[in-house]
Each structure stands twice: as C-alpha cells, then as structure tokens.
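Here's the structure, in structure tokens; my notes come after.
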Amino acid sequence: MGKKADRTIITVVGKDTVGIIAKVCTYLADNGINVLDISQTIVQGFFNMMMIVDMKDAAKPFGQCAKELEEAGQSIGVAIKCQKEEIFNKMHRI
C-alpha cells in the first residue's frame with residue numbers, strides 16, 4: 001500500500017449513467033494510478049463513489065490529474081473531486 005503522502009481520495013457524485021466507473025478507472029489506469037479501495041452506491045438514481053488511490057507512480061502531477069478528472073466528470077455529467085488524504089482527514093476530523 002502507498003505511503004500516506006501518495007494516497008488521494010477521489011469522490012464521484014451525480015446522476016447515474018452507463019460508464020462512470022469505466023471512465024474514471026480507465027483514466028487512472030492510463031496514468032499509472034493504482035486503486036487501493038473503492039466504494040460505490042446508487043440511491044434513487046444518484047451515483048456516489050469514493051476511491052482511495054495511490055499516486056506514487058502517477059504519470060502526471062496531482063494538480064493536473066485532479067483537473068483532468070474534473071473535466072472528465074463534466075463530460076459525463078458527474079462531479080469528480082480529488083483531495084490528498086492528509087487534507088481530507090484534516091477537513092473531516094470530528
């Protein structure tokens with residue numbers, strides 16, 4: 001498993017449609033980003049997915065990947081957000 005500094009949380013939210021997981025996972029695979037964990041649900045037609053990925057061997061810097069994933073999401077009608085794990089944890093601490 002990647003060290004914490006390399007781990008990123010990716011969230012995908014929007015109206016369910018065919019190919020959301022394929023679009024995200026294809027981008028990740030094409031850019032050397034490994035999926036460590038994934039959780040996905042569909043509630044009354046709304047898609048929600050959270051992934052933990054390891055960006056240690058990513059072909060591009062974090063900021064570029066985050067921007068490109070956001071744009072990929074827009075092209076299929078979902079919102080895709082990326083946060084480094086340490087920032088996500090600090091923002092969601094109780």
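Please read all numbers here as calculations on a predicted model, not as lab measurements. This chain uses plain numbering: 1 for the first residue, then up along the sequence.
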| remark: Note: E85 and I9 closest approach over all heavy atoms is CA-CG1, 4.2 Å

| request: Give every residue pair that meets the side-chain hydrogen bond (donor to acceptor under 3.5 Å, both in side chains) criterion with at least one member in residues 28-40, sequence neighbours excluded. | output: N31-K60

| said: Once side chain to side chain contact (heavy atoms under 4.5 Å, CB included) is applied, do any residues pair with A58, and if so which ones, sequence neighbours excluded? | reply: I33, M55

| task | Please check if M50 and V78 belong to a single hydrophobic cluster, counting links between Ile, Leu, Val, Met, Phe, Trp and Tyr side chain heavy atoms closer than 4.5 Å. | result | no

| Taking all non-hydrogen atoms of both residues, which atom of M51 and which atom of V24 are closest, and how far apart? | SD-CG1, 3.7 Å

| task | Measure from NZ or CZ of K15 to the centre of the six-membered ring of F46, then state whether that distance is under 6.0 Å and the direction lies within 45° of the axis. | result | yes

| Closest heavy-atom pair and its distance - I20, I76 | CA-CD1, 4.0 Å

| remark: All heavy atoms of T8 vs all of C82, minimum pair found to be CG2-CB, 4.1 Å

| query | If you measure from CE on M49 to OG1 on T11, what distance do you get to the nearest 0.5 Å? | reply | 9.0 Å

| query | Is there a side-chain contact (heavy atoms from CB on, under 4.5 Å) between L28 and L69 once you walk through the steps? | reply | CA-CA 9 Å; L28 297 176; L69 277 166; 4.2 Å; yes

| Do V35 and V13 belong to the same hydrophobic cluster, where Ile, Leu, Val, Met, Phe, Trp and Tyr are linked whenever their side-chain heavy atoms lie under 4.5 Å apart, directly or via other members? | no

| field | Non-hydrogen side-chain atoms of D6 and D57 separated by less than 4.5 Å | value | no

| request: Any pair with a residue in residues 20-29 that passes side-chain hydrogen bond (donor to acceptor under 3.5 Å, both in side chains), sequence neighbours left out, goes on the list, sorted by first then second residue, please. | output: Y27-E68

